[in-house]
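Input: a single structure, listed below in structure tokens.
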Amino acid sequence: MSRNRTLLLLLCAGALTGCATDYLNNYETVTLAAGDTQKYNSLLQTVDPLNPASKNTAIEGDGARAAAVAQSYKFPPPPPPPPAITVNVGNTGD
């Protein structure tokens with residue numbers, strides 16, 4: 001009986017160590033670069049990291065043109081017909 005008990009104990013210990021190694025391979029952070037505080041601090045102290053043109057909110061555009069583009073995405077034009085293929089059957093007249 002002690003041999004069976006020892007075997008059962010070894011199997012349980014092996015199963016638990018397998019779970020522990022799988023747990024250690026997982027990270028508890030959102031990304032692998034979550035602890036990169038030096039890079040975060042340098043980006044935080046940057047004066048203006050954005051493109052100056054990104055502050056322009058008066059984007060020039062035509063509403064009718066934008067509506068036509070939206071319609072072309074919603075209802076695309078039909079594809080062009082396939083090219084005509086001529087098949088000669090028989091004698092060419094030689």
Side-chain angles (χ1 to χ4, degrees):
M1 189 72 170
S2 73
R3 184 174 183 193
N4 288 340
R5 189 176 281 177
T6 306
L7 182 62
L8 182 64
L9 181 65
L10 286 175
L11 285 175
C12 289
L16 289 176
T17 56
C19 293
T21 56
D22 186 40
Y23 176 75
L24 293 176
N25 288 334
N26 296 324
Y27 296 100
E28 294 180 358
T29 59
V30 176
T31 63
L32 295 176
D36 200 1
T37 57
Q38 292 176 346
K39 191 175 200 179
Y40 174 77
N41 287 337
S42 67
L43 288 174
L44 186 66
Q45 295 175 8
T46 304
V47 176
D48 192 9
L50 298 176
N51 185 359
S54 66
K55 295 179 183 177
N56 181 15
T57 58
I59 299 172
E60 298 176 10
D62 186 11
R65 183 175 166 217
V69 170
Q71 285 291 83
S72 70
Y73 278 111
K74 188 181 274 187
F75 304 109
I85 299 174
T86 305
V87 178
N88 293 328
V89 178
N91 200 350
T92 59
D94 289 333

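Along the sequence shown, residues are numbered consecutively beginning with 1.
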_Checking one residue: Val89. Which other hydrophobic residues are in its cluster under the side-chain 4.5 Å linking rule?_
Ile85, Val87

*asked:* Any non-hydrogen side-chain atom of Asn88 less than 4.5 Å from a side-chain atom of Thr86?
replied: yes

*Pro77 and Ser72: which non-hydrogen atoms are nearest, and at how many Å?*
CD-O, 4.5 Å

*Rounded to the nearest 0.5 Å, what separation is found between the CG atom of Asn4 and the CG atom of Leu9?*
12.5 Å

*Non-neighbouring partners of Asp62 that pass side chain to side chain contact (heavy atoms under 4.5 Å, CB included), sequence neighbours left out*: Ala64, Arg65

